[in-house]
Amino acid sequence: MIGQTVAAAVGTIAFSLLYNVPKKYYVYCGITGGSGWFLYSLLTRYAGATATEATFFATVLVIVMSRFFAVWERCPVTVFLISGIFPLVPGAGIYWTAYYLVTNELRLALMNGFAALKAAVAIVLGIVLVFEIPYGVFRIKRGGKSRR
């Protein structure tokens with residue numbers, strides 16, 4: 001599980017590089033993506049959560065961390081959000097859906113497509129939920145002064 005978490009963090013940093021995120025934010029992006037994948041793995045392996053439930057809660061963590069880092073570093077939240085959500089996107093599910101459609105395995109295509117759709121909806125709901133939290137909640141104090 002640790003190896004997968006590190007791989008998710010490195011993949012997130014690579015994705016950040018692809019989208020021209022400034023170098024000073026790479027570590028934050030890696031922490032965000034790695035933490036989301038770690039929570040997802042933890043929930044699916046040890047808490048008995050379904051993939052959809054784990055995706056939702058991992059997305060909530062990623063977005064909370066993204067908003068926190070955005071306030072901390074005074075930059076747009078999308079810097080951390082776009083790259084941090086990368087490990088949770090159901091790319092394999094979409095791939096297998098297309099594969100089974102092409103090979104005329106419609107039952108398998110439907111099952112994989114529905115699972116990918118549920119994961120995508122869980123990501124959207126997690127994002128919407130956290131963005132409804134007021135901005136002031138993410139403000140922190142640094143050196144006795146409030147960062148605004």
Side-chain angles (χ1 to χ4, degrees), residues 1-140:
M1 199 160 90
I2 298 299
Q4 287 184 359
T5 301
V6 170
V10 170
T12 301
I13 292 170
F15 199 68
S16 302
L17 215 136
L18 181 68
Y19 279 94
N20 294 321
V21 170
K23 288 181 184 180
K24 65 181 179 178
Y25 302 136
Y26 287 167
V27 173
Y28 296 123
C29 291
I31 291 169
T32 303
S35 298
W37 183 256
F38 181 76
L39 182 62
Y40 174 86
S41 297
L42 196 69
L43 292 174
T44 54
R45 289 182 188 177
Y46 301 113
T50 66
T52 305
E53 294 166 343
T55 301
F56 173 77
F57 289 113
T59 298
V60 168
L61 175 66
V62 166
I63 306 309
V64 165
M65 291 179 73
S66 296
R67 290 196 68 191
F68 174 76
F69 288 144
V71 170
W72 182 262
E73 289 296 322
R74 297 180 185 169
C75 67
V77 71
T78 54
V79 169
F80 309 108
L81 168 66
I82 300 298
S83 57
I85 207 74
F86 174 69
L88 300 174
V89 172
I94 296 167
Y95 169 81
W96 286 111
T97 300
Y99 175 80
Y100 289 132
L101 280 172
V102 170
T103 58
N104 205 26
E105 296 282 343
L106 299 180
R107 184 182 65 76
L108 291 172
L110 184 62
M111 286 175 35
N112 281 286
F114 190 62
L117 180 64
K118 288 191 304 185
V121 169
I123 290 170
V124 169
L125 291 176
I127 291 170
V128 169
L129 175 75
V130 176
F131 270 108
E132 291 300 316
I133 299 172
Y135 173 80
V137 170
F138 297 96
R139 269 191 289 167
I140 53 169

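Rounded to the nearest 0.5 angstrom, Thr55 OG1 and Leu125 CG are separated by 11.5 Å. We find the CG-OG1 distance between Leu17 and Thr12 to be 12.0 Å, quoted to the nearest 0.5 Å. For the atom pair CH2 of Trp37 and CE of Met1, the computed distance is 11.0 Å after rounding to the nearest 0.5 Å. Between the CH2 atom of Trp96 and the CG atom of Asn112 there is a distance of 8.5 Å, given to the nearest 0.5 Å. How far CD1 of Ile2 is from CZ of Phe38: 5.5 Å, rounded to the nearest 0.5 Å. If you take OH on Tyr19 and SG on Cys29, they are separated by 13.0 Å, rounding to the nearest 0.5 Å.
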Run the side-chain donor-acceptor check on residues 81-88: report pairs under 3.5 Å with partners two or more places apart or on a different chain.
residue : atom : partner : partner atom : Å
Ser83   : OG   : Ser16   : OG           : 3.3
Ser83   : OG   : Val79   : O            : 3.3

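Looking at every heavy atom in both residues, Ile63 comes nearest to Gly126 through CG1-O, 4.5 Å. Residue Gly36 comes nearest to Val62 through the heavy atom pair CA-CG2, 3.6 Å, listed as atom of the first residue, atom of the second, then distance. Heavy atoms only, all atoms of each residue included: Ala54 and Thr44 are closest at CB-CG2, 3.5 Å. Thr52 and Ala119 make their closest contact through OG1-N, 4.5 Å (heavy atoms, listed as atom of the first residue, atom of the second, distance). Shown here for Ala120 and Pro90, the closest heavy-atom pair between the two residues is N-CG, 4.3 Å.
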What verdict does the side chain to side chain contact (heavy atoms under 4.5 Å, CB included) test give for Val102 and Tyr99, after you've listed the backbone C-alpha separation in whole Å, the side-chain angles of each residue and the deciding distance to 0.1 Å?
CA-CA 5 Å; Val102 170; Tyr99 175 80; 5.9 Å; no

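Side-chain contact between Val130 and Ile133 is present, with heavy atoms from C-beta onward closer than 4.5 Å. Contact of the Leu106 side chain with the Leu110 side chain is not registered, since no non-hydrogen atoms from C-beta on lie closer than 4.5 Å. Using a 4.5 Å heavy-atom threshold, the side chains of Val60 and Leu129 count as touching. Between Met65 and Ile31, some side-chain heavy-atom pair lies under the 4.5 Å cut-off. Ser35 is listed as a side-chain neighbour of Leu61, based on a closest heavy-atom distance under 4.5 Å.
With hydrogens and angles left out, the side-chain atoms of Glu73 and Tyr25 include no donor and acceptor closer than 3.5 Å.
The ring pair (Phe, Tyr, Trp, His ring centres under 6.0 Å) contacts involving residues 41-60 comprise nothing, where partners must be two or more places apart or lie in separate chains.
Taking the six-membered ring for Trp, Phe69 and Trp72 have ring centres at least 6.0 Å apart.
Applying the 6.0 Å contact sphere to CZ of Phe131 captures more than 12 heavy atoms from other residues, nucleotides or ligands.
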